[in-house]
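Below you'll find the structure, written out as structure tokens, and then a few comments.
Bear in mind that the values here come from a model prediction, so they are computed numbers and not experimental data. All ligand and atom numbering here is 1-based and tracks the order in the structure.
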Amino acid sequence: MKTTVYIFLLVFISLSLQAEGGHELWLRNKSTGHVTVTCSRNSATLAVAIKELQQGWQGKDNAKVVLTIKDDKAIKYDGFKLSPGEIQANTDLGILYGVYELLRRQQTGHPIEKIICNPSYEVRILNHWDDPDSSIVRGFASRSIFWRKGKNSLVVTDADKALWQEYARANASVGINGAVLNIVNASPLVVSEGYLERVKAIAAVLRPYGIKVYLSVNFAFPSMIGGLKTSDPLDADVIKWWNAKVREIYSKIPDFGGFLVKANSEGQQGPHDYGRSHAEGANVLADALKPFEGILMWRAFVYSPNDKDRAKQAYNEFMPLDGQFRDNVIIQVKNGPIDFQPREPFSPLFGAMKKTSVMPEFEIVKEYLGASIHLVFLAPMWEECLKSDTYQEGAGSTVARCTDGSIYPQEHTAIAGVANVGVDRNWCGHLFDQANWYAFGRLAWGNTLTSEQIADEWIKLTFSQIPSGQAASTLFSTDWTEKFLVPVKKMMLQSREAAVNYMMPLGFHHIFAMPNTHYGPGPWWAPEGVRKDWTPPYYHQADTNSVGFDRTRFGSDAVSQYHEPLGSQFNDLETCPEKYLLWFHHLPWNYIMKSGRTLWDEICYHYETGMQQVREFQKIWDMVEPYVDTERFTQVQDKLRSQFRNAQIWKDACLLYFQQFSLKPIPYDIDRPVYGLDYLIKNSDNYYGL
Ligand code: GCW
């Protein structure tokens, strides 16, 4: 009898779940009562704030909320003070952020307490790798929301504006306040008259939501499109060209945010081409932007083919320049020293320079973490980086504190995330990739938030099922919490470690089948003539005795780029965290790990664990079926199937490949490989979404 009632209940719940395509993101909740909002001022931003309160109010019916704008020293940037009946801020935008916080609390069942809430960073920005031809580099959610191809590429339609507005709203709701609209490998088109008009139109839609627009520019624009013979930053005509271009942009978009530059990196020109330093190059653009309060984000993603250890290069190039950059320049540093690999120690450039502003760059799009096929929640990866201790000023000098101005004052503070947004109906390709967009915004606002809290909020906002007239929080029944929230949260929180396990555990890195997808395994990939530092053997250095990259004091000495005692910790086998072992050490296959196993066996168990974790995710997801509408359920279920097959491929490829060197058996309690190495090598570019 009990079972019948239970089945009936489940069927009832599932039937009452409406199909959802995911387009509404975490903003699905509607108001459940009336609220009267009073505010003594008017503006487009305040109008949005009032509308949001009225449309999403889930507090007491007929309540009153006062919005107060007044100067208060305790409030920083666009922060706010929140109390049950009032939101106070220094700026209109602060009010809007307060509104979103209040609604989030109502909709996730958190009390509205008296709090002051200040953002960790002044600039919280998305970097879109969108090309004006509408393609997105490393994009997995179809084409660009900003750019269109073809004859009507510059026509701004109502549909464009509606989409940009939804995008702006989603960003503002999590505190993001900037967007670089084009890829760092910048096309000159973006600064042409027609494209700037489109940028102006985008800026107009984004403005009420407090999102400033920025552009990526190429250092060589003066010679590429300015008719000049050179782009030497110290050439008077080049300086003039940049000044004029910047003036033109600000005449169209008075609150334009500034530029992002990738220079002397992966074939992009830069000041080195003219014998100048990064600082000399950056300062010319910074000077042009300064009168308009624009900022210049200059990337430290640099590496040359000749360097013995790519991981060291950014530090080597930028450290000597500390103090030489203008105060509106921020050096944008990827979280890891190599790239956005599934796990890297933090870049030693965090906590290195003391007279230069530095900002973290995270990759929200999962270039190296399974594209939009794998379910991988990235907040734990970013949290790991932000909480890493650099020891810049002794213990407690976390990456977060070294970049948010807590340790050394910075004229500007910022954090960037490479966006995962495209025109796909659900914006990101994978429903759970929305959580990464959400998480980036939340961490950019509060860099000490935990992944657990962020996942908790996102799940509640994305999956709560609200019969009309009822507040979301009342729906967090014990049943829903235990059978849906807890397991789904567990899955999300484990998902990054699972990916590390089945892709590149114990400090392995950059062992993808290159160069196209950065998706499947390819530890063997090393065609003749390709730059060595683009090939996996450069990084894993496997031979019949040993494996791993020696970055100790006897090797490349990358460890010395970290402050003490960290440098010594990484250098010493006793204290080096095993998760970074093969990043810093070259070790025999029979090296004994803390578990008592040999390194080879430990590698095998990690790959196996990763694969089994994905199998668990499949079970969890199948079990929560009654709580999710069919459309979203099946989409995730299908993708988990692919993820499992791909995890199997990763495990088989890596174990069979490295076994050729270790010459040891795969421990017999581990499931045997399913695929053969020859087959995997032959098909290495075809795993995507298998
Ligand atoms: O990770 C690499 C990507 C490139 C990217 C580059 C960068 C835009 O594979 O596609 O180029 O990083 O960050 O500039």
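Ring centroids of Phe570 and Trp583 are separated by 6.0 Å or more, keeping the two rings apart. Remark: aromatic rings of Phe658 and Tyr607 are distant, center separation not under 6.0 Å.
Among protein residues, Trp129, Val137, Arg138, Ile183, Val184, Asn185, Lys262, Glu266, Arg299, Phe301, Lys334, Asp339, Glu367, Tyr368, His518 come within 4.0 Å of ligand 1, judged on heavy atoms.
Ring planes of Trp534 and Tyr303: perpendicular class, angle over 60° (limits at 30 and 60°).
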Donor-acceptor pairs under 3.5 angstrom involving side-chain atoms of residues 366-380: please list them, not counting sequence neighbours.
from, atom 1, to, atom 2, distance (Å)
Lys366, NZ, Ala371, O, 2.5
Lys366, NZ, His374, O, 3.0
Lys366, NZ, Asp433, OD1, 2.6
Lys366, NZ, Asp433, OD2, 3.1
Glu367, OE2, Arg138, NE, 3.2
Glu367, OE2, His518, ND1, 2.6
Tyr368, OH, Asp339, OD2, 2.7
Tyr368, OH, His518, ND1, 3.3
Ser372, OG, Phe140, O, 3.3
His374, ND1, Tyr502, OH, 2.7
His374, NE2, Tyr519, OH, 3.1
His374, NE2, Asn646, OD1, 3.3

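Under the side-chain contact (heavy atoms from CB on, under 4.5 Å) criterion, Asp424 pairs with Ala141, Ser142, Asn426, sequence neighbours left out. Taking Tyr657 as the reference, His540, Phe661 meet the ring pair (Phe, Tyr, Trp, His ring centres under 6.0 Å) condition, with sequence neighbours excluded.
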